[in-house]
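In listed order, ligands and their atoms are each counted from 1.
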Amino acid sequence: MDYGLKNKTAIVTAGSKGIGLATAHLLAQEGAKVAICARDAQTLAQAEKALKAHGGLVFAAPCDVSDKQALKDFASAARDALGPIQILVNNAGGPRPGGFKDVADEDWQKAFELTLMSAVTMTACVIDDMRAAGWGRVINISSYSIKQPIPQILLSNVMRLGVQGWAKSLASDVAADGVTVNTVCPGWTLTDRVKSMLSDDTAESAIKGEIPMQRLGTPEEIAAAVLFFASAQAAYITGAALQVDGGIVRSSL
Ligand code: NAD
């Protein structure tokens, strides 16, 4: 199937590993020009090299997405390298885990900058290009926690709902300009970060026991949903939040 992404320009933030990197690979395979950022220059350089193997233009630069100025500089450099940005995948590392008594005031502020403001700032950098072109895709990597709160990750439960409220509002604002805004909600996904959390068999069995499919997802399975939202075929879908979670969300809607 042709997803209509050849020569489209895309930014994937936090794209050196895990779900972000898998997404960047799928976009590059479809012929999109891809820009990625992450904090660690070495991992980023490895990801850049791997992405270039698809044969297209790739831009990579270190950037902490919780640093507003760094994000603006990255967006501007990506635009200079690839052209006006048509697809934005807002991804970031998750905020600090813990329950209510575990998080301090500064953790709330950091989570706000990392999870909510990174998406708002990055989108503000590219949305006018999308509107002017009459075509654009903003896709947020969130979590199934926006449909079913997850114990012991209070900050993620709160901030991701903020992102969803913003995304739904933005979706209406830009719909008439041909720009869609959608959210992918991963369930438990086997990235390096999650593998390190599951070093103990009991923890892994407990998690699998909660998932109707009795397995964790792969980064590529999450990326496939992002690719669909980015595609020409998804032109009439906006404001949606799709869980890719092996069935862990039990609610009907
Ligand atoms: P990961 O740790 O495998 O990769 C995260 C990427 O983000 C890396 O490239 C890292 O360098 C980059 N990164 C982290 N903090 C950053 C920052 N401040 N600035 C720039 N780059 C930064 O993570 P993942 O498992 O692929 O998760 C991606 C997103 O999906 C996270 O927000 C995570 O909370 C969410 N999520 C993951 C799962 C899961 O099971 N893996 C489930 C639900 C939601």
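Protein non-hydrogen atoms do not reach within 4.0 Å of atom 5 (C) of ligand 1.
Atoms of ligand 1 lying under 4.0 Å from at least one heavy atom of Ile141, given by number and element, are 30 (O). Residue-ligand proximity, Arg160 to ligand 1, at heavy-atom distances under 4.0 Å covers atoms 31 (C), 32 (O), 33 (C), 34 (O), 35 (C). Distances below 4.0 Å separate heavy atoms of Ala14 from the following atoms of ligand 1: 6 (C), 7 (O), 9 (O), 12 (C), 13 (N), 21 (N), 22 (C). Near Ser16, with a cut-off below 4.0 Å to any heavy atom, the atoms of ligand 1 are 8 (C), 9 (O), 11 (O). Taking every heavy atom of Asn91 and a limit of under 4.0 angstrom, the matching atoms of ligand 1 come to 28 (C), 29 (C). Taking every non-hydrogen atom of Gly18 and a distance limit under 4.0 Å, the qualifying atoms of ligand 1 come out as 3 (O), 26 (O). Atoms of ligand 1 lying under 4.0 Å from at least one heavy atom of Trp188, given by number and element, are 40 (O). Near Val194, with a cut-off below 4.0 Å to any heavy atom, the atoms of ligand 1 are 39 (C), 40 (O), 41 (N).
Atom CD of Gln214 has 12 or fewer heavy atoms from other residues, nucleotides or ligands within 6.0 Å. Counting non-hydrogen atoms of neighbouring residues, nucleotides and ligands closer than 6.0 angstrom, the CG atom of Asp80 exceeds 12 such neighbours. The local environment of OH in Tyr3 is sparse, with at most 12 non-hydrogen atoms from other residues, nucleotides or ligands closer than 6.0 Å.
Remark: Leu44 pairs with Ser16, Ile36, Ala38, Ala60, Pro62 by the side-chain contact (heavy atoms from CB on, under 4.5 Å) rule, at least two apart or across chains.
Gln109 and Asp105 share no donor-acceptor pair across their side chains, judged by distance under 3.5 Å alone. Using modelled atom types, one finds no donor on one side chain facing an acceptor on the other under 3.5 Å when comparing Ser251 with Gln148.
With distances taken over non-hydrogen atoms, the option nearest atom 44 (C) of ligand 1 out of Gly217, Gly20, Ser142 is Ser142. Which of Gly187, Ser196, Ala92 comes nearest to atom 31 (C) of ligand 1 through a heavy atom is settled by distance: it is Ala92.
Residue Val65 touches ligand 1 through backbone and side chain together, judged by heavy-atom distances below 4.0 Å. Neither the backbone nor the side chain of Thr115 has a heavy atom within less than 4.0 Å of ligand 1.
At the top of the distance list for atom 26 (O) of ligand 1, counting protein heavy atoms only, stands Ile19 N, 2.8 Å. The nearest heavy-atom contact from the protein to atom 20 (C) of ligand 1 is Cys63 O, 3.2 Å.
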